[in-house]
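As the structure lists them, so they are numbered: ligands from 1, and atoms in each ligand from 1.
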Amino acid sequence: MLQNIFDTHAHYDDEAFDADRDEVLSKVLPEGGVVRVVDCAVDLLSSVKVLDLAHTYDYVYAALGIHPEQAGEERKGDLDMIADLLQRHEKAVAVGEIGLDYYWEENAPRDTQVDLFSRQLALSKDLGLPVIIHDREAHGDTLECLRKYRPAGVLHCFSGSVEMMREATDLGLYIGLGGVVTFKNARKSVEVAAEVPIDKLLLETDAPYMAPVPHRGKRNDSTYIAFVAEKIAEVRGMDPQELVDICTENGKRLFQMAD
Ligand SMILES: [Zn+2]
């Protein structure tokens, strides 16, 4: 069994864990080799919930921010309150989950999303924190914002090409890979998994979503990172535990964690 797993992107505040959240976080994950989790908020309310989880479980850390799918719900003052929480709580290690999502038609207009994303990128620079970026069908505008603000951070659930990966890693960004690399139709993700510089790779779940094969379609949790690590290690010709260990160190470096 793989040990020393760092899940750099999960949503344990999600209602999918309402029935057994404490069992999962106090038992299933630690017993499954998970040593660290960054739990990502999607708005102000979930920022409070995510912080609460980070304060309850030693190995859970918090990313606070407004997700692009919530851009239309932002109220005046929300971001100021999130900034305040980020400054006051040591276990808040990133601004996230933020970004652009042009996939869903019901999302806020593109200029609204770019405006919110830009303000959160500026905030991350002000606070000296990395960002966790969601980019769905918005590669061009995402790269443009990243070139402009040059944040430290990770492109989570990376869905771009090898060329885009190279531009992102040249900007110093990390690449987050999860369950998608195990999917049958994941040619592009597998190419990225093979080519990404090993010191820029992070493992993640996006739990409860994106469960890897053989659990595809089920509720995801951080222990399933083992399937992702096995797949990436296979395409790179590496030992899976060695891959996990390197990715865990990468995550600690990005999120400025002491040990
Ligand atoms: Zn997410």
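- The closest side-chain donor-acceptor pair between E97 and H11 falls under 3.5 angstrom.
- Between D43 and H67, the side chains place no donor N or O within less than 3.5 Å of an acceptor N or O (distance only, hydrogens not considered).
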| message | Set out, in order, the CA-CA distance, both residues' side-chain angles and the distance that settles salt bridge (charged side-chain N to carboxylate O under 4.0 Å, His left out) for R147 and E144, then state yes or no. | response | CA-CA 5 Å; R147 285 188 207 110; E144 199 172 308; 5.5 Å; no
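- A salt bridge links R119 to D115: at least one charged side-chain nitrogen sits closer than 4.0 Å to a carboxylate oxygen.
- The pair E191-K188 does not meet the salt-bridge criterion, since no charged nitrogen lies less than 4.0 angstrom from a carboxylate oxygen.
- Sorted by chain and number, the protein atoms of type N, O or S within less than 2.8 Å of the Zn ion (ligand 1) are H9 NE2, H11 NE2, E97 OE1, D206 OD1.
- In this structure, L85 is a member of the same hydrophobic cluster as V50, with clusters built from ILVMFWY side-chain heavy atoms closer than 4.5 Å.
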